[in-house]
Amino acid sequence: MKNGCVIPVLIFAVMMAQIARGAECIEPVTDMYMIVDLSSNSTCRVSYRDSVPMGGWSSEYKKTKLVLRKIPEGTFKMGGYIRNEVGLSEKDAPFFCGEVRDVKISRPYYLGVFEVTQRQYEMVTGTNPSVWVSEMHPVNCVSWVDVRGEDSTAPQGVCGPSVVGDCSFLGRLRKITGLDGFDLPTEAQWECACKGGTDEDVSESGLASGGPSALLVARCWENGGAFWPTNCVVADVGSYAPNPYGLYDMHGNVFEWCIDRRAKYDDNVDVDPMNYGDSSQGHVDRVLRGGSGRVDARHCNSSFRWGASARARINEYGFRIAYCIP
């Protein structure tokens, strides 16, 4: 009887150790969440876990660790006009959102649960360019070039190999982890994840009767932001409700860079589209998605497109990272 208790006791001890460590660095049942430990003394840079930790994502996942969620492949309705209280007018929708069309994402990928915070950015690059300074605010005043580098190239096809600058955020992150799959999301990947398996222009988990509300999910002008930079218009990441995929701040807080140039959608491409465009034809600006705390709620919807120079450092521009599964 005494010997028969040894194995259960050992198993219990291992289970308790796993719980204490968040079940990371252990082969998971599934790989729903990807964790990147940015601490210099970490012995396990990249690990996986099956579910959200008990009690939710603690501050360490907004400071010293990056957490990404696996987004499944599938088809969704991209762009266009879907009416609710934050909808654009039908006249404006094609310009800002593109025509509604069915788009297929052919393979799963990971996307950041949170926008990259100032503390995380500083741990990777050693700098913090932000105007509104707080370690759990999203990094702001960061350019597309800061994220990918001057000499960076688009992937050779979605999730194909790409080159990023050695001194860029992504260049340093790839060096830290030894993984070359980290990049900015494509517009299609971003919008698919934002909609969270729905066709809504604002998506939240546990939709209340009457439809989704931007004021539950977005740091926008009507919800604690401001039109002018004299006020701090950003909030700590994760301050509002998540979408059905458990992603936070896809609406509002800071505009998020995508890899694409701001070109018209190619109507002939409906599988893994990527508008990297042709700079010789005037497609110079890179895409920003999601709106910010300085714009009104209708511009924080899932299909609203904005664009800016790759070198633009504006106090409402930030990003979240993606990872293409090899």
Side-chain angles (χ1 to χ4, degrees), residues 33 51-53 55-63 65-69 71 82 84-88 111-121 130-140 185 190-227 231-258 288-304 306 315-322:
Y33 293 97
S51 59
V52 178
W57 300 111
S58 63
S59 61
E60 69 178 314
Y61 295 98
K62 305 169 188 178
K63 294 180 181 180
K65 294 179 179 179
L66 294 162
V67 55
L68 299 87
R69 201 266 198 196
I71 309 299
I82 306 168
N84 63 25
E85 83 273 22
V86 299
L88 294 164
L111 191 70
V113 169
F114 304 106
E115 295 159 328
V116 172
T117 67
Q118 295 175 32
R119 178 61 177 147
Q120 291 166 339
Y121 190 88
S130 303
V131 172
W132 297 302
V133 179
S134 179
E135 61 182 2
M136 287 202 299
H137 280 2
V139 64
N140 54 82
W190 189 97
E191 187 171 328
C192 177
C194 181
K195 288 182 173 175
T198 76
D199 288 331
E200 300 287 349
D201 59 0
V202 173
S203 60
E204 62 186 85
S205 57
L207 293 178
S209 175
S213 169
L215 300 189
L216 291 177
V217 297
R219 180 70 161 191
C220 54
W221 174 61
E222 299 93 333
N223 204 22
F227 274 121
N231 299 306
C232 180
V233 303
V234 294
D236 284 354
V237 298
S239 294
Y240 297 89
N243 77 355
Y245 283 156
L247 308 178
Y248 293 83
D249 305 305
M250 296 295 289
H251 304 286
N253 221 13
V254 290
F255 276 103
E256 299 177 16
W257 291 107
C258 292
L288 292 143
R289 286 301 203 111
S292 76
R294 285 183 61 187
V295 302
D296 55 25
R298 68 196 179 109
H299 295 122
C300 294
N301 72 36
S302 59
S303 43
F304 181 75
W306 195 241
N315 49 18
E316 55 185 314
Y317 292 176
F319 69 104
R320 76 180 68 218
I321 61 171

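Note that these values count all heavy atoms, side chains included, but never hydrogens, waters or copies made by symmetry. Remember, predicted model here, so these are calculated numbers, not experimental data.
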Please round to the nearest 0.5 Å and tell me the distance separating atom [atom1] of [X] and atom [atom2] of [Y].
X    : Y    : atom1 : atom2 : value
L247 : C194 : CG    : SG    : 8.5 Å
S134 : Q118 : OG    : CD    : 6.5 Å
R219 : D249 : CZ    : CG    : 10.0 Å
F255 : R294 : CZ    : CZ    : 9.5 Å
S59  : E135 : OG    : CD    : 8.0 Å
K195 : N301 : NZ    : CG    : 8.5 Å

Contact check, side chains of [X] and [Y], non-hydrogen atoms, under 4.5 Å:
X    : Y    : result
M250 : S302 : no
V233 : W221 : no
V254 : E115 : yes
L111 : Y245 : no

Exercise. Name all residues meeting the side chain to side chain donor-acceptor pair (under 3.5 Å) criterion together with R320; count only those two or more places apart in sequence or in a different chain, and write none if there are none.
Key: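 For R320 the side chain to side chain donor-acceptor pair (under 3.5 Å) partners, ignoring immediate neighbours, are E256.
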
Exercise. Look at the aromatic rings of Y61 and W57 and report parallel, tilted or perpendicular, splitting at 30° and 60°.
Key: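 Y61 and W57: perpendicular rings.
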
Practice problem: Apply side-chain contact (heavy atoms from CB on, under 4.5 Å) to W306 and V295, showing your working. | Solution: CA-CA 12 Å; W306 195 241; V295 302; over 6 Å; no

Exercise. Kindly write out the residues that satisfy ring pair (Phe, Tyr, Trp, His ring centres under 6.0 Å) with Y248, not counting sequence neighbours, or none if the list is empty.
Key: F114

Spell out, as yes or no, whether a donor-acceptor pair under 3.5 Å connects the side chain of [X] to the backbone of [Y].
X    : Y    : result
H299 : G291 : no
N253 : G238 : no
S130 : N140 : yes
T117 : Q120 : yes

Heavy-atom pair of closest approach, residues [X] and [Y]:
X    : Y    : result
L68  : A322 : CD2-C, 4.2 Å
E191 : S303 : OE2-CB, 3.6 Å
P244 : T198 : CG-CG2, 4.2 Å
C220 : A297 : SG-CB, 4.0 Å
C258 : W190 : SG-CB, 3.9 Å

Practice problem: Please assess V139 against F319 for the test side-chain contact (heavy atoms from CB on, under 4.5 Å), listing each intermediate value before the final yes or no. | Solution: CA-CA 8 Å; V139 64; F319 69 104; 3.7 Å; yes

Exercise. Could you please spell out the steps behind the side-chain contact (heavy atoms from CB on, under 4.5 Å) verdict for I321 and V116?
Key: CA-CA 7 Å; I321 61 171; V116 172; 4.1 Å; yes

Practice problem: Would you check, one step at a time, whether the test side-chain contact (heavy atoms from CB on, under 4.5 Å) holds for M136 with R119? | Solution: CA-CA 7 Å; M136 287 202 299; R119 178 61 177 147; over 6 Å; no

